[in-house]
Amino acid sequence: MTRMSAEPLTVSWRPLDRSFFARRPVEVAPELLGRVLVHDSPGGRVAVRLTEVEAYGVPGEDPASHTYRGQTRRNAVMFGPPGHLYVYFTYGMHFCANFVCMPEGTGAGVLLRAGEVIAGVELATARRNGRRAAPDGPSEAGDAKDSAAPARSRRPGGVVAPRDLARGPARLAVALGFAREHDGVDCCGDGPVRVLEGAPVDPSRIRTGPRVGVANGKDTPWRFWIDGDPTVSPYRPHQPRSR
DNA sequence: CCTATGATCATCT
DNA sequence: GATGATCATAGGC
């Protein structure tokens, strides 16, 4: 069943324990659906109910994982303790966020692909639209600590539908204000980023399939999403670059 | 709804 | 030097 955005949502505000993340990504991923990721920044609070995630495996196991060939500077956080954010920059303009999984030293995680913004829609929208040079000064999009949306995501005069605010991994990162400086942030402490128990989804409502935009390991069904949820991103196979 | 294309750069080979 | 865990836009139906 599709959850209507306007329906009241009853969630648990208890934070998830670090031990939740210290398991195989393929176990953690489906159990993340329905959980709530919160980021309190100087500009305000945005909370996202996760509706779509992907598991990425340990070195040597999963050719699609950033850790497949071992540790590098970029993926170093994935080899750190579980329950931290791994945020990476890609395509020259986008950030995407993962939860680090498995015990420290392993190198695995879960990509956060999509969700529903359940708090801070106004701030998330402002981030998406980016800083706009208003005639009378800077916008209300948050302060300098908040990362502005990439210029290309602006729709001058257009409006982003609430359902699209976190529909896709780079959009989700923009909505939550995640960028380079959030790589390595702990989600299981007293910091500004937390994961709440939320409203875990019954397994009967979870669907699985191949991961989006993945070339190697393209048939591994490690994508998990809430069946029928309108905030789940569309499936797209990997496309080699044209020449 | 759908498919095609370009943007843009850190990272790895 | 090639590529990518993407997205916005343009155009067709």
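Sequence lines set the chain letters: A, B, ... in the order given, protein chains first and strands last, and positions in each chain run from 1. Just so it is clear, the values below take in all heavy atoms, side chains as well, and ignore hydrogens, waters and symmetry mates.
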S.K.: Can you tell me the base-pairing partner of B:dC2? Count Watson-Crick or G-U wobble geometry only, both distances below 3.5 Å, and say none if there is no partner.
M.R.: C:dG11
S.K.: When rounded to the nearest 0.5 angstrom, what distance separates CH2 in A:W13 from CD in A:E197?
M.R.: 12.5 Å
S.K.: Between A:H66 and C:dA5, is there a contact of a side-chain N or O with OP1 or OP2 at under 4.0 Å?
M.R.: yes
S.K.: Evaluate the side chain to side chain contact (heavy atoms under 4.5 Å, CB included) criterion for residues A:V100 and A:V77: first the C-alpha distance (whole Å), next the side-chain angles of each, then the deciding distance (0.1 Å), finally the verdict.
M.R.: CA-CA 8 Å; A:V100 175; A:V77 166; 3.9 Å; yes
S.K.: Measure from NZ or CZ of A:R18 to the centre of the six-membered ring of A:F20, then state whether that distance is under 6.0 Å and the direction lies within 45° of the axis.
M.R.: no
S.K.: For DNA chain C, find the residues of residues 51-64 of chain A with a heavy-atom distance under 4.0 Å and give them by number; none if there aren't any.
M.R.: A:Y56, A:A64
S.K.: OP1 or OP2 of C:dA8 sitting under 4.0 Å from any side-chain N/O of A:R167?
M.R.: no
S.K.: Any link between A:F224 and A:V195 through a network of hydrophobic side chains (Ile, Leu, Val, Met, Phe, Trp, Tyr) touching at under 4.5 Å?
M.R.: yes
S.K.: Please give, in whole Å, the distance from B:dA4 P to A:Q239 CD?
M.R.: 7 Å
S.K.: Using purine N1 to pyrimidine N3 plus N6-O4 or O6-N4 for Watson-Crick, or N1-O2 and O6-N3 for G-U wobble, each under 3.5 Å, what pairs with C:dA5?
M.R.: none
S.K.: Checking A:R113 against A:S233: is there a side-chain donor and acceptor pair closer than 3.5 Å?
M.R.: yes
S.K.: Taking the side chain of A:Y86 as its heavy atoms from C-beta onward, which of C:dA5, C:dA8, C:dT6 lies nearest to it?
M.R.: C:dA5
S.K.: Per the side chain to side chain contact (heavy atoms under 4.5 Å, CB included) rule, which among A:V117, A:L33, A:I118 passes with A:R49?
M.R.: A:I118
S.K.: Going by atom types alone, do A:S41 and A:R127 pair a side-chain donor with an acceptor below 3.5 Å?
M.R.: yes
S.K.: Can a side chain N or O of A:H238 be found less than 4.0 Å away from OP1 or OP2 on C:dG4?
M.R.: yes
S.K.: Please state how far atom OH in A:Y235 lies from atom C1' in C:dA5, giving the value in whole angstrom units.
M.R.: 12 Å
S.K.: Linking I/L/V/M/F/W/Y whenever their side-chain heavy atoms sit closer than 4.5 Å, directly or via other members, would A:L123 and A:F95 fall into one cluster?
M.R.: yes
S.K.: Rounded to whole angstrom units, what separation is found between the CG atom of A:L165 and the P atom of C:dA8?
M.R.: 11 Å
S.K.: Give me, pair by pair, the N or O atoms of the protein and of nucleotides 9-13 of chain B that are less than 3.5 Å apart, along with how far apart they are.
M.R.:
| unit_1 | atom_1 | unit_2 | atom_2 | d |
| --- | --- | --- | --- | --- |
| B:dC12 | OP1 | A:T72 | OG1 | 2.3 |

S.K.: May I ask you to check whether A:F89 and A:H94 place their ring centers less than 6.0 Å from one another?
M.R.: no
S.K.: Is A:R128 near enough to C:dC7 that one of its side-chain N or O atoms lies under 4.0 angstrom from OP1 or OP2?
M.R.: no
S.K.: How close or far is atom P of C:dT9 from atom CG of A:D164, stated in whole angstroms?
M.R.: 12 Å
